[in-house]
There are 2 protein chains.
Amino acid sequence: MRATVKDVAKLAGVSPKTVSNVINGIVFVRPETRARVEKALDELDYVPNLSARGLRNGRSGMIGLALPDLLRPYSAEITHLVVELAHDRGWGVQIEQTAAEPEREFQLLSKARANLVDGLILNPVNLDDSAVMSAGPLPAVVLIGDVDQDVVSQVAIDNISAARDMAQHLIDQGFRRIAAVGTPEVPRGASGTGRVGGKTDSVGTAASRLRAIGYSEALAAADLEPIEIALDRWSPEGAATVVGRFLEENETPDAFFCFTDTIATGTLSALWTAGIAVPAECAVAGFDNILESRFTLPPLTTVDFDRRAFVSGALDLLAERMANKDTEPRRIVIPHRIVTRASTARP
Amino acid sequence: MRATVKDVAKLAGVSPKTVSNVINGIVFVRPETRARVEKALDELDYVPNLSARGLRNGRSGMIGLALPDLLRPYSAEITHLVVELAHDRGWGVQIEQTAAEPEREFQLLSKARANLVDGLILNPVNLDDSAVMSAGPLPAVVLIGDVDQDVVSQVAIDNISAARDMAQHLIDQGFRRIAAVGTPEVPRGASGTGRVGGKTDSVGTAASRLRAIGYSEALAAADLEPIEIALDRWSPEGAATVVGRFLEENETPDAFFCFTDTIATGTLSALWTAGIAVPAECAVAGFDNILESRFTLPPLTTVDFDRRAFVSGALDLLAERMANKDTEPRRIVIPHRIVTRASTARP
DNA sequence: TTGAAAGCGTTACCAG
DNA sequence: CTGGTAACGCTTTCAA
């Protein structure tokens, strides 16, 4: 059995409270006593029971991180940073995946892992403002992504303008027939968004919708015809399949604007398979600037933003909410920029 | 304030025990009483406090997952599967990263997150058998990777023979000058295959050492000269830089055997930059068969193993240890195979 | 089948 | 500066 404060106290000849004081190191303890306690601590190889501590002071020292799909390199980058930066603050990270079941987001939001996490960073997919609103008394939550709501704090990039910028970059390069890959699966028309709880079908993720809007706006402004290629899931295999089929059935466009770098990976593969040279015959652009996109062939033009600032901002906001639930929700927008690489070089 | 069992009990006009019985659903409760309790549960939006439950039961319902570098797509795949399969067993997953500080592995091993996790899946890097031995009374731990020890349960692939098989595949394809990328950073001096004994300083990760051994063995058997390109970190940028420099200073080999697919990504990029065609002028092979390797240009020949079986095995072993700490440590070896794609086609 | 009470390991309050 | 004691919310003896 593991040693407890009582055991340590007994061995050191002090009370449990004193041991606690030594461990938490806030209160002044006489150096001599402290030494005795520390010796006992060491001797018994004392490890605090975090469940007990969590029960007592109402905080577990853990935060939750909920991402739609952990399989993607983008998720890996976010996870990596969250774990690293949370560690610096002394927090552990519990990880969850939401895409498998739509209601999971809502569950996490309303229960926050039943007090086992002190706060939650949620990258919502299906969630919209109404869902957030109706979640009842909220735990400390920060959304990462771009959801139109002001109930909880949020860190985001401006998806619409980023997509517009990228589409504009492609237009500026002289491309005319510019296809978007990764648009929502449902023709937009119903402005109402997907509602969580299984009542309405999802019409695509928030990011997907917003990027589609930015793309459309830029093309409309240049009087170009949009070409939308929908994807049910943002995976390389999905993109390769769908784009491959598109290439068989359609004239090759001047450029593909892929809504993530992962999609671009699949698109590059499909073009390669079809024997179409990039960028000579067709350009490709991505979104997110994942680490690997510098090493695709050719290297990928993409939308970049400071991921560390992004995650760091999320943790700041979370700390704020955890310290005081009554603070106004804040929103941090991280700037973005187009990183130009060979994949969109002028033919 | 959140509702507790007491509140629910009061509202339903029963005792806390009955509420507990209803929640855990093991003991028979009269349907009528059950209904009343469930109504109260619902009405008060009761959420159990997992810290309290954890304190009482001695189990938190969470496991830890510790990987060296969360940034890699390989880590994302493992994480994805662990979260998914652990979820099926009703476990939450706490995630940790170990590569940043070498002692972290040891800490995790000896403390297991101070009882906040019931078990730990650890992918060791620096750990060797002596470290495992000396960790003292062990929590439920399963190692993923290939460490030469039999103190704790382990799931692994046979790295040596997998690397040998891949090297042999390259030899069979007719390549003679075959370079390995990702070998340990050994101070050259020890005999060819830097074998490492118990206490010696680490000279690279376990996987790196074992793969180097398999590679050397195959080349030696074919009477070929090994060409080892060491890497301090298995990243695409590292590989691109080091291989790029290698290409400037040396004659291009017939093939690169990269010790991970991530390294292969960087290698392909370096070859592309140098204007060397793959596989026409130089072949490239990887290891792990990450999702993206089907979509590199050209698609990557690599070592594949059933990742789901791998993770599922790890969870089985962990469950075994958690249920009964006195069971013998077991070792599961997952079979591997070479997946042949265009990157190693005969010139 | 249900109720009362004890206790898991910590920390906080209040004495001394 | 330190010791006793209570309490966090839950589950689990034991009794009824």
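Numbers restart at 1 for each chain; the letters A, B, ... are given by sequence-line order, proteins then strands.
Summarising the geometry, the separation between CG on B/L116 and P on C/dT10 is reported as 12 Å, rounded to the nearest angstrom. One can place NZ of B/K6 at 9 Å from P of D/dA7, the figure rounded to the nearest angstrom. Whole-Å rounding puts the A/R56 CZ to D/dT5 C1' distance at 11 Å. As a whole-Å value, the separation of A/L55 CG from C/dG7 P is 17 Å. For A/R59 and C/dA12, the CZ to P distance is 9 Å, given to the nearest whole Å. The distance between atom NZ of B/K10 and atom P of C/dG3, rounded to the nearest whole Å, is 14 Å. Between the CZ atom of B/R34 and the P atom of C/dT1 there is a distance of 12 Å, given to the nearest Å. Separating the CG atom of A/N21 from the P atom of D/dG4 is a distance of 14 Å, rounded to the nearest angstrom.
Of the side-chain N and O atoms in A/T18, one or more sit less than 4.0 angstrom from OP1 or OP2 of D/dG3. Dashed line: the shortest gap from a side-chain N or O of B/R53 to OP1 or OP2 of D/dT11 is under 4.0 Å. Taking side-chain N and O atoms only, B/T4 has no distance below 4.0 Å to OP1 or OP2 of D/dG9. Side-chain N/O atoms of A/T33 include one lying less than 4.0 angstrom from OP1 or OP2 on D/dT2. Between A/S51 and C/dG9, a side-chain N or O to OP1/OP2 separation shorter than 4.0 Å is absent.
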Run B/V125 and B/E105 through side-chain contact (heavy atoms from CB on, under 4.5 Å) and show every step you take.
CA-CA 8 Å; B/V125 173; B/E105 287 186 346; 3.5 Å; yes

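The closest donor-acceptor contact from the side chain of A/E96 to the backbone of A/G64 lies at 3.5 Å or more, if one exists at all.
Ranking C/dC8, D/dG3, C/dG3 by closeness to the A/V14 side chain, first place goes to D/dG3.
Remark: of the listed residues B/L67, B/D69, B/L71, B/D69 is the sole one forming a side chain to side chain contact (heavy atoms under 4.5 Å, CB included) with B/Q97.
Contact check on B/E328 versus B/R321 returns no salt bridge, with no Lys/Arg side-chain nitrogen under 4.0 Å from an Asp/Glu carboxylate oxygen. Salt bridge annotation for B/E84-B/R308: present, with a cationic side-chain nitrogen under 4.0 angstrom from a carboxylate oxygen.
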